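Worksheet: the structure to be examined is printed underneath.
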Amino acid sequence: MPRKSTTVPARRDDLIVQKLGEEVIVYDRVSHQAHSLNRTASVVFEKLDGKRPLVSVAKDLGKALGRPPQKELGDATVKEPRPYKTSDD
């Protein structure tokens, strides 16, 4: 069973990222897949540096959305299809 990390994963360097208003389009040159991230997911994606604790990302997400931090929302967003690398990759 993989160990549960308290830090967020890091974005991969080989992605093409284009901001479109509050959304972000991420193109994965390896899989040739594009991902459209809504405002919530784009705020989390922006914070993926492999160093920050998830609770810090949740706080930033809460500020961006004008709501209290929701660690569960950050967890759910980070567990979606992965245009980033994890320690398990």
Side-chain angles (χ1 to χ4, degrees):
M1 175 184 256
R3 78 180 162 81
K4 187 171 182 173
S5 177
T6 58
T7 59
V8 296
R11 283 183 309 274
R12 292 192 350 234
D13 295 332
D14 62 340
L15 302 173
I16 298 171
V17 180
Q18 179 67 47
K19 189 167 183 154
L20 298 170
E22 290 186 346
E23 294 187 4
V24 172
I25 304 299
V26 179
Y27 180 72
D28 183 336
R29 290 187 273 188
V30 174
S31 69
H32 302 289
Q33 293 182 333
H35 306 275
S36 175
L37 308 181
N38 64 19
R39 181 173 181 226
T40 301
S42 66
V43 169
V44 173
F45 182 75
E46 180 181 302
K47 307 298 180 187
L48 298 180
D49 62 6
K51 299 173 187 170
R52 296 173 53 126
L54 186 56
V55 68
S56 172
V57 173
K59 287 179 184 177
D60 287 346
L61 180 60
K63 287 179 190 174
L65 300 178
R67 294 192 219 150
Q70 297 178 2
K71 181 181 177 296
E72 295 78 13
L73 184 55
D75 278 338
T77 305
V78 170
K79 290 177 184 172
E80 289 301 312
R82 303 181 329 176
Y84 50 81
K85 58 187 171 190
T86 66
S87 58
D88 299 330
D89 289 347

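Positions are given from 1 along the sequence. Quick caveat, the model's predicted, so the values are computed rather than measured.
For the atom pair CG of Leu54 and NZ of Lys47, the computed distance is 13.5 Å after rounding to the nearest 0.5 Å. Atom OG in Ser56 sits 11.0 Å away from atom CG in Leu61 (nearest 0.5 Å). The structure places CG of Leu37 at 10.5 Å from CG of Leu20, a figure rounded to the nearest 0.5 Å. To the nearest 0.5 Å, the span separating CD on Glu46 from CG on Leu48 amounts to 9.5 Å. For the atom pair CD of Glu23 and NE2 of His35, the computed distance is 14.5 Å after rounding to the nearest 0.5 Å.
No donor-acceptor pair under 3.5 Å is formed between the side chain of Arg29 and the backbone N or O of Ile16.
Looking at heavy atoms from C-beta onward, Val30 lies in side-chain contact with Arg12 at the 4.5 angstrom threshold. Under the 4.5 Å side-chain criterion, counting only non-hydrogen atoms from C-beta, Leu65 is in contact with Arg39. Two residues are said to be in side-chain contact when any heavy atoms from C-beta on lie closer than 4.5 Å; Tyr27 and Gln33 fail this criterion.
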Apply side-chain contact (heavy atoms from CB on, under 4.5 Å) to Asp60 and Arg52, showing your working. CA-CA 11 Å; Asp60 287 346; Arg52 296 173 53 126; 2.3 Å; yes
Can you list the steps and then say if Asp49 with Lys51 is a salt bridge (Lys or Arg N to Asp or Glu O under 4.0 Å)? CA-CA 5 Å; Asp49 62 6; Lys51 299 173 187 170; over 6 Å; no
